[in-house]
Amino acid sequence: MGRRSRGGEPIGMVTGDSRPDYFVFTVDPDNIPPLYDYVYVETWETPPGEDTRVTVKVLAQIRAVRRLAVGVSPEHPWPVLRNLSLPRGSDTVVAAARVLGYKWRGRIYLPRRAPPVGSWVYLAPDELLEDFYAVDEPRRLHVGSLISRPSVPAYLDLEGVKRHVAIIAATGAGKTWASVVLIEELLKKGATIVVLDPHGEYTAMKRTVFRLGPGFENAVRVIKGRRDQEGDIQYRVSVADMSPEELASIAGVPAKATRIRSVIYGAKRLARWVAEATGQRKWLGLRGMIKVVHAAIDAVEVARLQGGRLDRFAAELLRRLSAAASQDLYKAAATGRRLEELLAADERLGRGIRRLWLALSKDSSPGYDAIRYLEELRRIGVYGVRSLPLDQLLEPGTVTVVNLAGLRAEVQDHLAFNILARIFNARLRYVRGVDGESYPYPVVIVVEEAHRFMPPKSQRQTRSRDVAATIASEGRKFGVFLVAITQRPSRIDPDVLSQLQGQIILRIVNPRDQEAVRDSSEQVSQDLLDNLPGLNTGEAVVVGPLAPSPLMIRLRDRVLDYSGGDLSLVEAWAGGREDLRLVEELRAEALEKIGQLLGEQPPDLAEAVAAVAGIDPAPDTVERALRLLAREQVWASYSEETGTVYGEVMTQSGYSYEAHISLPERRSSCSCKARQPCSHAVAVLLRAVLDGLLSAPRSQQARAPEDWWSEFL
Ligand SMILES: Nc1ncnc2c1ncn2[C@@H]1O[C@H](COP(=O)(O)OP(=O)(O)OP(=O)(O)O)[C@@H](O)[C@H]1O
């Protein structure tokens, strides 16, 4: 029952409802094409600009196939059916095809006539499809093949990216895969790409980018939001460029906590004043503000004892800040003036001091709360004295992944806002020739989980929505293009969504999301929507300026890796059981080796570690360390000279921690900066024990555990 040559013998005849955009045909039962395959009918049309009619091949895609019963019906009782013994093929196969258009002088047109009933229907040959969906070589993005036709490559049009792109699908349908394939193709064209990555899924691209071939080794760069996440460079936002209100809300200070907000306001003004008066830029950061709050709390205590007056507070605060800045700020501020005059004359200083006094004079607790909030923000590592220079964020032919994993939603939103606004302004300045931070090449910004950043105004307020909306509506003029990825298009601001005119739509099941897609795009017809739940993983509909005509594709294999794909429960849990077994083996071996070193058997591993290294880990730290040894890569070395164990823990997810344990000092430290001794340090120590790096003391007698290490020296 082989297929007859494509475009040769007909495979059907138009027999039913025939319209310019749709027809029904009866299919040759020996040549039934699969759903979504392509057929054509020959008919005549008068293409725009021509005055005579010409014969054209109208291409159509099969959107439904049915077998109709002839002579039997489901009502027939089984005994009757059994005795009927119908011959095979006594059904009629009927297909419905959606007209895609015809090509005339290099352009695609939609026909104005319905194919006449009785027209032969042919299977479309590959060449017809290649010609129909052709994209000029320099503009081609090779993202896969036509659905149901693996032999025909599917290309998107690079120039279509100028109208922005939405990648939409139900969870697990392959959005990230699609976006990685698109990124690979854009990289090959030399694009500058920035990915806002809330889950750190794209960081794995860096490890595999060499696969793209010579010249691409450094084409992926990872910038981290949080200090302790994976990334080559720490993103930084200058605190000086933020308003005190912005700072307070990002720090998570509740809107109602007006006194804490006042402290932050006052501290920011004063810190800036100190920076300007002394020329010490370090005061512009969070540390500077925290110092001001500490000084203000102390100054308030003193002022309270001295009658609780503002001028006492101001004088004491300036004295304390002078001490902290090692410069006489009191003199610098008050030269030739009385303090009251100065506070009235210097607005920043005066207001800052007054706000601090008002917030703290009765009770210092808002000061301590403010310190707590500011400290928490400081620990993230992103808010500093200077912003990261733009050339570290944008580089031609490079994708910069901004790893936002591990940050609170407000901070993620703020960083997204900061990055979107900086890129847009840099391009605007370049195009308009305005001074300041600028960038000479167009930029594509891929926003994963776009609904987090650009929800409808009625649902949630975010900082990044307005700038995303500006980019969506004006980015084209300035060469800033969005690729927004989401599983919830109904949770994206409709003004933004409707501007994302190129859409790559994978499987969508939720009717509300289907509606949002339909509302956002004129090109998504009801019958395309009806097909969306039936798509397999990795199959997509592409509409809008990305393709010459709506296109159904199967995405190609990606070259770059990403993390976050579905995990296999069978493997994960089987791995867990295996880990447990290994943990027990490691525990027994470590205990035995430490027992040999000490000359006595310690009751458990926590005590054994305490005895061998003088550090005192909590029992669950030891358990975590054993799991690290079982699952991750742990190296150790030992310096007999200094009595120090050095080592590193490399996790499968790409994190690495360096730890060292000084046996004489009974101390451990680690790049994770967690409270010591941490699981990494203990894992490194146990690795040294297991590898036999710590030799037994020269005399094997039992001794006080705290003394035994001196033997190593
Ligand atoms: N084109 C494809 N070919 C083969 N496998 C694919 C394809 N696309 C996705 N997959 C597989 O399907 C799974 C889900 O893919 P992916 O993580 O890209 O989906 P997602 O829509 O981004 O999911 P989530 O909503 O969880 O982020 C992964 O295991 C991936 O390997």
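Read the numbers this way: they start at 1 and go in the same order the structure lists the ligands and their atoms. These numbers come from the heavy atoms of this one structure, side chains and all, not from hydrogens, waters or symmetry mates.
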### Message
Counting only nitrogen or oxygen atoms and a 3.5 angstrom limit, does D557 reach ligand 1?
### Response
no

### Test: R512 and E515 ion pair at under 4.0 Å
no

### Summary
Checking heavy atoms under 4.0 Å, the part of R558 that sits near ligand 1 is neither

### Message
So, 4.0 Å and heavy atoms of R554: is ligand 1 close enough to count as a contact?
### Response
yes

Taking distance alone, no hydrogens or angles, what donor-acceptor pairs closer than 3.5 Å link side-chain atoms of residues 211-222 to residues at least two apart or in another chain?
residue	atom	partner	partner atom	Å
R211	NH1	V559	O	2.8
R211	NH1	D561	OD1	3.4
E217	OE1	G215	N	3.0
E217	OE2	G215	N	3.4
R221	NE	Q392	O	3.4
R221	NH1	E395	OE1	3.0
R221	NH2	Q392	O	3.0

### Query
Are the aromatic rings of Y155 and Y133 close, with centres under 6.0 Å apart?
no

### Task
Pick, from G174, G538, A540, A178, the option with the minimum heavy-atom distance to atom 19 (O) of ligand 1.
G174

### Message
I'd like to know whether OH of Y441 has more than 12 heavy-atom contacts from other residues, nucleotides or ligands below 6.0 angstrom.
### Response
no

### Query
Sequence neighbours excluded, which residues qualify as ring pair (Phe, Tyr, Trp, His ring centres under 6.0 Å) partners of Y36?
none

### Query
Just how far is it from atom CD1 of I223 to atom CG of L388, taken to the nearest 0.5 Å?
5.0 Å

### Message
With the threshold set at under 4.0 angstrom, would you say A173 reaches ligand 1 through any of its heavy atoms?
### Response
yes

### Task
Return a yes/no value for T537: is any of its N or O atoms, backbone included, closer than 3.5 angstrom to an N or O of ligand 1?
no

#### Entry: Which of the ligand 1 atoms, numbered from 1, are nearer than 4.0 Å to a heavy atom of T171
24 (P), 25 (O), 26 (O)

#### Entry: T176, portion touching ligand 1 at heavy-atom distance under 4.0 Å
both

